[in-house]
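I have placed the structure first, in the form of C-alpha cells, so that the comments after it can refer back to it.
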There are 2 protein chains.
Amino acid sequence: MKLSLRSEYALRALLVLGLNYGDEVMRIQAISEQQNIPRKFLEQILNDLKSLGAVESRRGVAGGYRLARPPQHITLASIVRYLEGALAPVSCVSESFYERCSCPNEARCAIRSVMKEVRGEVVKIMEHVTLADMCQRSRQLEGATTPVDDYSI
Amino acid sequence: MKLSLRSEYALRALLVLGLNYGDEVMRIQAISEQQNIPRKFLEQILNDLKSLGAVESRRGVAGGYRLARPPQHITLASIVRYLEGALAPVSCVSESFYERCSCPNEARCAIRSVMKEVRGEVVKIMEHVTLADMCQRSRQLEGATTPVDDYSI
DNA sequence: TTAATGCCTATAAATTCAGTCGGATATTAG
DNA sequence: CTAATATCCGACTGAATTTATAGGCATTAA
C-alpha cells in the first residue's frame with residue numbers, strides 16, 4: 001500500500017517548486033540539499049516529471065526547474081498516477097489501470113467490492129487536493145508557532 | 001499503492017474459508033483449484049496466516065485448513081497489516097509501522113498532512129470490514145440474478 | 001570561451017516478488 | 001505396522017523493481 005521513495009521525492013520536490021512558484025527557476029542542487037534527496041536521483045525524477053507536463057526546465061548556467069502549470073492545476077492524483085500507476089489497491093478495481101485478476105468470478109468478488117470503496121476514498125482525496133492546497137497547508141504549518149500534528153482540509 | 005499478489009491470494013483463500021466456516025477443514029488443493037492460486041504458493045501463504053492466528057490446520061489424511069476464529073472477529077485491516085505492513089501510503093504517517101522519513105521537517109510536512117487523511121480513510125474501511133462482512137457481500141453477489149457492479153456497506 | 005547546469009544512457013547493488021522443489025512430519029485408513 | 005495423504009518448512013531461483021551512481025553530452029549565460 002506504500003508509495004515508492006521515488007514518488008515521495010517527487011512530491012517533495014514539487015511542493016518546493018510550488019512554494020517557489022513564479023518566473024524564476026530553481027536548481028536541482030538546491031532542491032536536493034533542502035530536501036535531502038540524492039541529487040542524481042532527483043535529476044532523473046524531475047526530468048521524468050517533465051514528460052508529465054508538471055514541470056519545465058531551463059538548461060545552462062542559470063538553468064533549473066519550475067512548475068509548468070499553476071499549482072492549483074496540478075492534482076495529487078495526476079502525479080501519483082503518473083509515477084505509481086493505479087491508486088487502487090488491486091488493479092481489477094482500477095479505473096485508469098484496470099487489469100483482470102485471476103479470481104473465478106470478478107463481477108461477484110467480495111474483495112473487489114471492498115477494494116472499490118477504498119479506491120473511491122483515495123481517489124476522492126487525491127483528485128481533490130492540488131499542489132496549491134498542499135502549498136497552503138505547508139505555509140499554515142510553517143506559520144504555526146506550536147507543533148501541530150493534525151488538521152482538516 | 002497496490003497490494004501484492006500474495007495478499008490477494010491470501011484474501012481470496014480466507015474468503016473461501018469464511019464461506020465454509022464450520023468444524024470441517026478444507027484442503028489446500030481445493031482452495032487452490034477453486035481460486036486459481038498456485039498450490040505450493042498457497043501452501044506458504046496459509047501456513048503464514050497461521051502465525052497471524054487467522055487460520056488453523058489439521059495435518060495428515062483428513063487434513064486441511066479452517067478459520068481459527070469466527071469470521072466477524074477477523075478484520076481486513078489485521079490481515080493486510082500482517083501481510084503488507086503499513087496501510088498508510090508513506091510510513092511516516094503510519095501508526096503501526098511508523099518510520100521517520102528524510103524530509104527536513106516532518107511535523108510540518110504538507111505531504112504528510114494529506115497522506116494522513118488518506119491513511120485515515122483506508123484504515124476506517126479496513127478496520128471496520130470483517131471477513132464476515134465480506135462473506136455476506138459474497139453471498140449477496142452470488143445470489144444476485146443480474147450482474148451487479150456497485151453497492152454500499 | 002568557459003563554467004554552470006540540465007540531459008541522457010549505462011550500470012549495478014539490494015530488495016522484493018512470485019513462485020518452485022524436495023523432503024520432514026503428522027494423521028488416518030487398512 | 002505400514003502406506004497413503006496431507007500439511008510443514010526451509011532453501012532456492014529467476015525476474016522484476018527500486019534506488020541509486022557514474023560519466024559524458026548539450027545548452028546557455030556571462
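Scope of the values below: all heavy atoms of this structure, side chains included, with no hydrogens, waters or symmetry mates. Note that this is a predicted model, so its numbers are computed, not measured. Protein chains get the first letters and strands the later ones, always in sequence-line order, with residue 1 at the start of each.
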- request: For B:Asp48 and C:dC17, give me the distance from atom CG to atom C1', rounded to whole Å.
  value: 14 Å

message: When you compare the side chains of A:Arg12 and B:Ser102, does any donor N or O come within less than 3.5 Å of an acceptor on the partner?
response: yes

- prompt: Between A:Arg27 and C:dT5, does any side-chain N or O lie under 4.0 Å from OP1 or OP2?
  reply: yes

Distance in angstrom units between A:Arg6 CZ and D:dT21 P, rounded: 14 Å

- prompt: Does a side chain donor of either A:Ser91 or A:Ser94 reach within less than 3.5 Å of an acceptor in the other side chain?
  reply: no

query: What does A:Glu43 touch in the nucleic acid at a heavy-atom separation under 4.0 angstrom: a base, only the sugar-phosphate, or nothing?
result: base

- request: Write down the atom of B:Gly18, the atom of B:Leu67, and the distance for their closest heavy-atom approach.
  value: CA-CD1, 3.6 Å

Separation of atom CG in B:Leu83 from atom P in C:dA18, rounded to whole Å: 12 Å

- prompt: Looking for any heavy atom pair under 4.0 Å, which part of the strands does A:Gln44 touch: base, sugar-phosphate only, or nothing?
  reply: base

- request: Specify the residue among B:Arg59 and B:Glu84 whose closest nucleotide of DNA chain C lies further upstream toward the 5′ end.
  value: B:Glu84

N or O in side chain of A:Ser57 less than 4.0 angstrom from C:dC7 OP1/OP2: yes

task: Would you mind classifying the nucleic acid contact of A:Gly63 as base, sugar-phosphate or nothing, using non-hydrogen atoms under 4.0 angstrom?
output: sugar-phosphate

Protein-nucleotide distance (B:Lys50, atom NZ; D:dA6, atom P), rounded to Å: 17 Å

message: Measure NZ/B:Lys40 against P/D:dA6 and give the value in whole Å, please.
response: 13 Å

field: A:Asn47 vs C:dG6: side-chain N/O to OP1/OP2 distance below 4.0 Å
entry: no

Most 5' of B:Ile28 and A:Ser4 on DNA chain D, judged by nearest nucleotide: B:Ile28

- prompt: Using a cut-off of 4.0 Å on non-hydrogen atoms, how would the nucleic acid contact of A:Leu46 be classed: base, sugar-phosphate, or nothing?
  reply: nothing

query: Over how many whole Å does the gap from A:Phe41 atom CZ to C:dG6 atom P extend?
result: 17 Å

- line: Between CG of A:Leu5 and P of C:dT16 the distance, given in whole Å, is 13 Å

query: Strictly by modelled atom types, are A:Glu84 and A:Ser7 linked by a side-chain donor-acceptor pair under 3.5 Å?
result: yes

query: Between atom CD in B:Glu8 and atom C1' in C:dG19, what is the gap in whole Å?
result: 15 Å

task: Under 4.0 Å between any heavy atoms, over every strand shown, what does A:Lys2 touch: base, sugar-phosphate, or nothing? Just pick one.
output: nothing

- request: Identify the two heavy atoms, one from A:Ala13 and one from A:Leu46, that lie closest to each other, and give their separation to 0.1 Å.
  value: CB-CD2, 4.2 Å

- request: Classify the nucleic acid contact of A:Arg39 as base, sugar-phosphate or nothing, counting any heavy atom under 4.0 Å across all strands shown.
  value: nothing

query: Of the nucleotides D:dA20, C:dT28, C:dC7, which one has an atom closest to the side chain of B:Val61?
result: C:dT28

field: Residue among A:Met26, A:Glu24, A:Glu56 satisfying side chain to side chain contact (heavy atoms under 4.5 Å, CB included) with A:Arg66
entry: A:Glu56

message: Let me spell it out: for each of A:Arg58 and A:Tyr9, pick the nucleotide of DNA chain D with the closest heavy atom. Which residue's pick is nearer the 5' end?
response: A:Tyr9

